[in-house]
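One structure is given below, encoded as structure tokens.
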Amino acid sequence: MEELSSQKTILSGIKPTGQLTIGNYIGAMKNFVKLQNDYETLYMVVDLHALTVPQEPKELRHKTLSIIAQYIAVGLDPEKNNLFIQSHVTGHTELAWILGCMTGLGDLSRMTQFKDKSAKPGANVNAGLYTYPILMASDILLYNADFVPVGEDQKQHVELTRDIAMRFNYRYSDTFTIPEPIIPKSGARIMDLQNPMSKMGKSDSGESGRIALIDEPSLVAKRIKSAVTDSGSEIKFSETDEKAGIRNLLTIYANLTEISIAEIELMYEGKGYGDFKKDLADIVVERLSPIKNRHDDLMKNKDYLEAVLKSGAESAQKKAWKMLSKVYRKVGLVQAVR
Ligand code: TYM
């Protein structure tokens, strides 16, 4: 991997808080796969972030491994990418402490994700939920990432990361690369199938509003066919609220087939929502079935997954130690004699 060190670095992460959805796939993972050949890439499962909401320990362990298996199942080659679990690398929380000492409460209070999550009735508003963007900044800056492929909802967190990095560089001299988000033009915010005015979430959408990458094909088809549309019948992309359902389905269709929305509209001229949904159901099933099958096979091969994680963490750890010791030195901590 040494000769790759001059390449730009891509980094991203996914929280193991529920089943990965086609939203995560279209908004983020599809880009992870696309970028793997031309960059140095680090893709992690951010298990420490998941602890900001209560987790059942056994389930958390399972979901974490399942996401690693899904990374591979969607096409990430473990030989080309550093695939690892956040908690396997020392440095994320250490750097987060230092960055936290440079982040204003005002900055954290204006994060829309925190505002949304903490406003939910019965929300468990803990300190971790509030300081979460600092840990995310640390994930990114620890590896000097140039680009961060994410969906629309993470843009504000990457912007805060940029602010923190600039603040640090200004105060202590050039240290961190200022990262840029990579957000897809279409599909950066896939909506809930039953409530197309809100985002399809891993854990906060109702079951029938989301499609998991590893759902059974019959369930996938059923969910598409019962997606909410409107009383019209024309397959047209429109920004109006009334058309939010069909707009979302068109976006999914276009992203899974690489056919442009204009072309899809032409293909369905004179046809109704029923025909369109039936075809889309087939398309989604065809795309997801091999992912599910590969995932299920990989989950039976824990030795292989562990080997992938070991090598991913080893290589990430080297980079993390290097950056952490640089930061410790810059801020004035006495170097440990080891
Ligand atoms: P998370 O786990 O909520 O989501 C993982 C990725 O999927 C994108 N995404 C979506 N894209 C389109 N439509 C949707 N409905 C949809 N739902 C989710 C998210 O934008 C994200 O890219 N804080 C992050 C995880 C994280 C991270 C990082 C990301 C931690 N450290 C460092 C990048 C770099 C999160 O909770 O993503």
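For ligands, and for the atoms within them, numbers begin at 1 and follow the listed sequence. Residue indices begin at 1 and follow the sequence shown.
- Each of K326, K330, R329 was compared with T175 under the side chain to side chain donor-acceptor pair (under 3.5 Å) criterion, and only K330 meets it.
- Ligand 1 lies under 4.0 Å from heavy atoms of L11, S12, G13, I14, K15, G23, N24, G27, A28, V46, H49, Y132, M136, D139, I140, V148, V150, G151, D153, Q154, G187, A188, R189, I190, K199, M200, K202.
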| task | Before giving the answer on salt bridge (charged side-chain N to carboxylate O under 4.0 Å, His left out), spell out for K310 and E306 the whole-Å C-alpha distance, their side-chain angles and the decisive distance to 0.1 Å. | result | CA-CA 6 Å; K310 182 166 182 280; E306 275 167 16; over 6 Å; no
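- When hydrophobic residues (I, L, V, M, F, W, Y) are linked wherever their side-chain heavy atoms come within less than 4.5 Å, the members clustered with I178 are M166.
- Applying the ring-ring contact (aromatic ring centres under 6.0 Å, His included) definition to pairs two or more places apart or across chains, those involving residues 83-127 are F84-Y143, H92-Y143, F114-Y130.
- With no hydrogens or angles considered, a side-chain donor-acceptor pair links Q86 and D139 at under 3.5 Å.
- For the ring-ring contact (aromatic ring centres under 6.0 Å, His included) condition, the pairs that include at least one residue of residues 155-183, sequence neighbours left out, are Y132-H157, F168-Y172, F168-F176.
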